[in-house]
Amino acid sequence: MADIETDVLIIGTGPAGSATAALLASYGVENMAINRYRWLANTPRAHITNQRTMEVLRDLGREVEAEGYLHASPQEIMGENVFCTAIAGEELGRLKTWGTHPTSKAEHLLSSPSEMNDLPQTFMEPLLFKTACARGTQARMSTEYVSHVQDAEGVTTTCRDRLTGKDFTVRSKYLVGADGGNSLVAQHLGLPFEGKMGVAGSMNILFKADLTRYVAHRPSVLYWVLQPGSNVGGIGMGLVRMIRPWNEWLINWGYDISQGVPDVDNAFAEGVARDLIGDPDIDIEITSVSTWTVNNCYATRTQKGRVFCMGDAIHRHPPSNGLGSNTSIQDGFNLAWKLAMVLKGQAGPGLLETYTEERAPVAKQIVTRANQSIEEFGPIFGALGLLDSIDPVKMQENMDRRCEDGSAAESQRAALREAIAFKVYEFDAHGVEMNHRYKSAGTATDGQPEPAFTRNPELHFEQTTWPGARLPHAWLFGEGNRKASTLDLCGHGKFTLLTGIGGQAWVDAAETLSAELGLPLVAHVIGPRQTWQDHYGDWARAREVGDAGVVLVRPDHHVAWRSEGLATDPAGELRRVLKTILDL
């Protein structure tokens, strides 16, 4: 007999684990989450929070989303991405990022009801964790995962209470490993990985200093400092990241991983900080220093049997593009509703196989993109002449030549402008964040071809109701001046049908099948004099089906299936689709 029993045991309470726990608890699923430490994140590691992640918080409740914004730095102060020789030194160039350029901002506003922001992990984790606990998650801190054994009926996990040193067992129907980049769960599960761990060394230096006079006129979350001769390979590029405007900061500084992990004391950290700031007399308080490695590794399969892995356990990469926490939370949004429906008998176990089908390609995509973004700093170094020599004096001379007259200097300036502009692939890749289109048994296309992207799919998000894509956002209006996104009508652990005038038979079919299958199924008619009206006409333009057609939406906002018009037998057609997707 196990010491504790629960439906789902979650290892780790980071963004992935806490989000999964909060979602499962919201769906009424008994779950337990453990954390080997005494509390949550003590450093603000992840911070860029994209629209898709805020949509997950919105699905947890408007109050959860609102609290996220309360603790976040807003989008409007995120974007003046600055390249300079020091924070107080010469500026080399600037790039509007994170949806702050007017054209990008328009795309953001048209794409989602939620706003991008900068929400450090020290605020995101407690928000998700307390939501989970308030809704029923049983949480144990100072408790570490030791091992697990699974059988046909469930999983027996051995855990250790780090306060007493005693082991105990937890019996669960499913186990989720959200235990980070050195995941023991993934290791014990034998998940297959591609790529390499530890490709470069890096350190984080957290400090407090009032930099208002140097940055408030060009607000950003990232300031890139290039100082020839001061770092690995002779190219000293340090990142000064805003944590709280404008007096809490994090420096990211590289080290030569082939020489082992350096001993970084406060004196060294303060020296790096003063050099990058460029003000030797400024007051600085070092609050913490840590080292880490840059990884380029992802799982090609994310589950085996009753055990699933997510977050950094399956996608291990540098913080470029700000994808880590976002993807981790979205892993949880994908898996939680599937676990809930299987546990409640509303779906067969085959539905769970779609987790790997849908999230493993995302893991590969973001690991590839994040590491590629590091390489794309090369053209900036090249344009400044920093690749032509390792002599700091010569490197500085090469940088200075861009200020001269003549065709060579003009070409250098042009090359620098183009190289900085190209970094949009890291700092404003809206498509990378939002264009996920699942191709799995969890959707039904009926042979409908996937629409081609008309613009660069990494930079631009293109909405479609093609099954597998995230439902298009459009504002709708109801009685009492209510305003809601199409996304607001969906989610919350339920399948949703969206139809128009002429589609009442779909609504009737949904009611019939909800009772027949014991499935939470909601239907909305959108049109004039209906509960929800499409005053702008944006939904009619985005839905890609007729008034009598239907769009079936999964609990995670992704389109499951659609019909251009009214079927001859709506209930029969809907039954077929649901049974196929849910493995019934």
Side-chain angles (χ1 to χ4, degrees), residues 334 337-338 341 346-362 364-365 431 434-455 457 460-474 486-487 490-491 494-500 502-510 512-514 516-517 519 521-526 539-584:
N334 182 283
W337 71 269
K338 298 173 182 177
M341 287 194 170
Q346 297 163 346
L351 175 65
L352 297 175
E353 290 297 316
T354 65
Y355 176 64
T356 283
E357 291 180 288
E358 294 176 354
R359 297 307 293 178
V362 175
K364 178 179 180 179
Q365 175 206 20
M434 302 283 286
N435 270 331
H436 299 146
R437 297 179 179 179
Y438 297 148
K439 302 174 179 66
S440 77
T443 65
T445 67
D446 288 347
Q448 303 163 39
E450 178 183 358
F453 289 99
T454 61
R455 295 190 294 173
H460 303 286
F461 173 47
E462 295 192 16
Q463 305 200 97
T464 176
T465 60
W466 182 75
R470 181 277 225 157
L471 178 74
H473 154 68
T486 45
L487 298 175
C490 306
K494 302 176 181 179
F495 273 80
T496 305
L497 279 84
L498 301 179
T499 188
Q504 183 60 41
W506 292 117
V507 178
D508 298 338
T512 298
L513 290 172
S514 181
E516 176 185 319
L517 302 177
L519 185 71
L521 196 55
V522 178
H524 297 282
V525 178
I526 300 170
W539 171 242
R541 283 184 283 269
R543 68 191 181 190
E544 298 173 321
V545 299
D547 276 343
V550 70
V551 177
L552 177 65
V553 187
R554 307 188 328 181
D556 59 359
H557 303 159
H558 281 259
V559 176
W561 171 77
R562 66 183 179 182
S563 175
E564 200 282 328
L566 187 64
T568 303
D569 178 9
E573 186 70 350
L574 189 56
R575 181 184 295 107
R576 176 190 68 80
V577 168
L578 286 169
K579 285 193 169 187
T580 300
I581 291 173
L582 295 175
D583 186 39
L584 290 172

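Positions are given from 1 along the sequence. Note that the coordinates shown come from a computational prediction; the quantities given were computed from them, not determined experimentally.
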| query | In Å and rounded to the nearest 0.5 Å, what is the CG to CG distance from L582 to L517? | reply | 8.0 Å
| request: Hey, could you give me the CH2/CZ distance between W561 and R576, rounded to the nearest 0.5 Å? | output: 7.0 Å
| query | Counting distance only, does the side-chain N/O of Q448 pair as donor-acceptor with the main-chain N or O of T445 below 3.5 Å? | reply | yes
| Would you call the rings of Y438 and H558 parallel, tilted or perpendicular, where under 30° means parallel and over 60° means perpendicular? | parallel
| field | A560 to P467 - nearest heavy-atom pair and separation | value | O-CB, 3.7 Å
| Do the numbers put R437 on top of the ring of F453, so that NZ or CZ is under 6.0 Å from the six-membered ring centre and no more than 45° off the axis? | yes
| task | Starting from the C-alpha separation in whole Å, work towards a yes-or-no answer on side chain to side chain contact (heavy atoms under 4.5 Å, CB included) for C490 and L498. | result | CA-CA 9 Å; C490 306; L498 301 179; 4.2 Å; yes
| field | Nearest non-hydrogen partners of G502 and A548, listed with the distance | value | O-CB, 3.4 Å
| message | Tell me whether T486 contacts the main-chain N or O of P472 through its side chain, where contact means a donor paired with an acceptor under 3.5 Å. | response | yes
| said: For residues 557-569, which residue pairs pass the salt bridge (charged side-chain N to carboxylate O under 4.0 Å, His left out) check, not counting sequence neighbours? | reply: E544-R562
| Non-hydrogen atoms of T465 and R543 that approach each other most closely | OG1-O, 2.7 Å
| message | Would you compute the distance between atom CG of L471 and atom NE2 of H557 and round it to the nearest 0.5 angstrom? | response | 8.0 Å
| task | State whether the number of non-hydrogen atoms from other residues, nucleotides or ligands found under 6.0 Å of K579 atom NZ is greater than 12. | result | no
| Shortest non-hydrogen contact from N435 to E462? | OD1-N, 3.1 Å
| Which distance, rounded to the nearest 0.5 Å, do you find between the OG1 of T499 and the CG of L552? | 11.5 Å
| query | Between T356 (side chain) and E353 (backbone), is there a donor-acceptor pair under 3.5 Å? | reply | no
| field | Trace of the side chain to side chain contact (heavy atoms under 4.5 Å, CB included) decision for Y355 with N334 | value | CA-CA 7 Å; Y355 176 64; N334 182 283; 3.4 Å; yes
| CG-CG distance between L574 and L521, expressed to the nearest 0.5 angstrom | 6.0 Å
| Charged N-O contact under 4.0 Å between K338 and D583 | no
| task | Evaluate the criterion side chain to side chain contact (heavy atoms under 4.5 Å, CB included) for residue pair F495 and M341; output intermediate values, then yes/no. | result | CA-CA 11 Å; F495 273 80; M341 287 194 170; 3.5 Å; yes
| R554 and T443: which non-hydrogen atoms are nearest, and at how many Å? | NH1-CG2, 4.1 Å
| Backbone N or O of D508 within a donor-acceptor pair of the T512 side chain at under 3.5 Å? | yes
| said: What's the separation between atom CG in D556 and atom CD in E358, rounded to the nearest 0.5 Å? | reply: 7.0 Å
| query | By side chain to side chain donor-acceptor pair (under 3.5 Å), which residues pair with T568, not counting sequence neighbours? | reply | none
| For E357, salt bridge (charged side-chain N to carboxylate O under 4.0 Å, His left out) partners two or more places apart | none
| message | With side chain to side chain contact (heavy atoms under 4.5 Å, CB included) as the criterion, how do H524 and V553 come out once you've worked through the C-alpha distance, each side chain's angles and the decisive distance to 0.1 Å? | response | CA-CA 11 Å; H524 297 282; V553 187; over 6 Å; no
| query | Which heavy atom in W506 sits nearest to a heavy atom in G565, and how many Å separate them? | reply | CZ2-O, 3.5 Å
| Polar side-chain atom of Q463 near backbone of H473 as donor-acceptor pair, under 3.5 Å | yes
